[in-house]
Amino acid sequence: MTALPLVFDAPRRGKPPRHLADLTREEARAAVADLGQPAFRADQLARHYYRGTTDPAQMTDIPAAARETLREALLPELLTVVRHQTADNGRTRKTLWRLHDGALVESVLMRYPDRATVCISSQAGCGMACPFCATGQAGLTRNLSAAEIIGQAVAAAAAMADGEVAGGPGRLSNVVFMGMGEPLANYARVRATLDALLGTAPYGLGLSQRSVTVSTVGLVPAIRRLTEEGRNVTLAVSLHAPDDELRDTLVPINTRWKVGEVIEAADAYAQRTGRRYSVEYALIRDVNDQPFRADLLGRLLAGKLAHVNLIPLNPTPGSPWDASPLPAQREFVARLRAAGVATTVRDTRGQDIDGACGQLAAADRVEGVPAVALPTPAVEAPVPLGAEADQG
Ligand code: SAH
């Protein structure tokens, strides 16, 4: 396995066209006024947009003559469906999206008895180079704009409302930033996305803070910034090793910010929000699943406002690693619990269609640019799929 460089600065590419979801309410009202329309039409447009309507025919509260102008100027189609793949008897759906410049990203909508979660991408590709993650191995194509990130959640909310996911019409309740990309490396756009997810109608989806999870490799300055911002979303830290020596290789950003610093930053976040953070740990056979590492992790987290979420490693193309065997997993859980650390094992469904954590790999393919590696499924596969990426 060749080590990839860490990439912080996303390549600059042509900006997506202006979209309502990139604008504050004031900016949207000004933009509408510039088009010669009364400012309140911005609110009407926003209400339609967040409800998943961009079809002018349905915007009956706006004069017919103005609808197309407003839609063209403020609701350009930023995300085009390339394909959906369903699994888990239709309760899970992965969508491959094409962006205006041909870059590809994926999101995964998962329905449970008590909630519906969408796992969204914040970047096309990722620059964090984690060797066990398909997205990380593909490198960074570019940052997504806020509207491109928000659009994934809006589409999921509309799909739920329209009953496109098995189980009848429902409501999107949770959003996790566990698709492609490192959300805290695209901070400003992710911050704007949080506003839209948590914002109330007409300018937002009205989700609750606890049901939105930002997952990070541990960009310490950005965690601190998030701590100061005053939003209380759930924080997840992708630790994957309790010791610096191993973490330096599994999560290369560790060469810059060490385990101790990451945990300290997460603790400060938990202190401020009063909400425990989640520690993500992909169990990799004979790599990070030894009993002594469970004990180290237990000592690291004992008494902290933290919860460990173990993820059986999802296979990625070209990787020599696989998931820990069940006995090793059980032993790991038992040792953590014995140390007094709340621990759950994430249920990973449907690796078959590459929809589970760390398997999203579409971003390496940009139209007109040859694929780097990573085969993706060619056909719609009605098999169980996964990315159980929820913090519940
Ligand atoms: N960049 C963010 C979001 C990434 S994906 C982060 O690193 O947190 C969400 C989670 O999936 C992360 O915890 C990530 O480490 C984990 N993951 C990546 N590849 C995986 C794989 N092959 N198997 C299991 N989990 C994986």
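Every heavy atom of this structure was used, including side-chain atoms; hydrogens, water molecules and symmetry mates were not. Atoms within each ligand, like the ligands themselves, are counted from 1 in listed order. Because the structure is a prediction, the values reported are computed rather than measured.
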| remark: For Gly181, the atoms of ligand 1 under 4.0 Å from one of its heavy atoms are 1 (N), 2 (C), 3 (C)
| message | Only heavy atoms of His240, strictly under 4.0 Å: list the atoms of ligand 1 that pass. | response | 13 (O), 14 (C), 15 (O)
| said: List ligand 1 atoms under 4.0 Å from Cys133, heavy atoms only on the residue side. | reply: 18 (C), 19 (N)
| query | Would you call Asp289-Arg285 a salt bridge at under 4.0 Å N-O? | reply | no
| message | Using a 4.0 Å cut-off to any heavy atom of Phe177, which atoms of ligand 1 qualify? | response | 3 (C)
| task | Using a strict 4.0 Å threshold on nitrogen-to-oxygen distance, state whether Glu331 and Arg335 make a salt bridge. | result | yes
| field | Atoms of ligand 1, numbered as shown, that sit under 4.0 Å from any heavy atom of Ile311 | value | 24 (C), 25 (N)
| note | A student checking ligand 1 against Glu280 at a 4.0 Å heavy-atom cut-off should list atoms 13 (O)
| CA sep, side-chain torsions, deciding dist, call: Arg346, Leu310, side chain to side chain contact (heavy atoms under 4.5 Å, CB included) | CA-CA 6 Å; Arg346 182 178 295 168; Leu310 297 170; over 6 Å; no
| task | Could you tell me which atoms of ligand 1, counted from 1 in the order shown, lie closer than 4.0 angstrom to a heavy atom of Thr316? | result | 22 (N)
| said: Less than 4.0 angstrom from a charged side-chain N to a carboxylate O is my criterion; do Asp195 and Arg231 meet it? | reply: yes
| query | Hey, looking at atom 4 (C) of ligand 1, which of Gly179, Ser238, Cys126 has the closest heavy atom? | reply | Gly179
| query | Do Asp22 and Arg189 meet the salt-bridge criterion of a basic N to acidic O distance under 4.0 Å? | reply | no
| message | Need the ligand 1 atom indices (1-based, order shown) with element for anything under 4.0 Å from a heavy-atom of Val217. | response | 6 (C), 7 (O), 8 (O)
| said: Assess whether a salt bridge exists between Asp101 and Arg142, defined as any Lys/Arg side-chain N lying under 4.0 Å from an Asp/Glu carboxylate O. | reply: yes
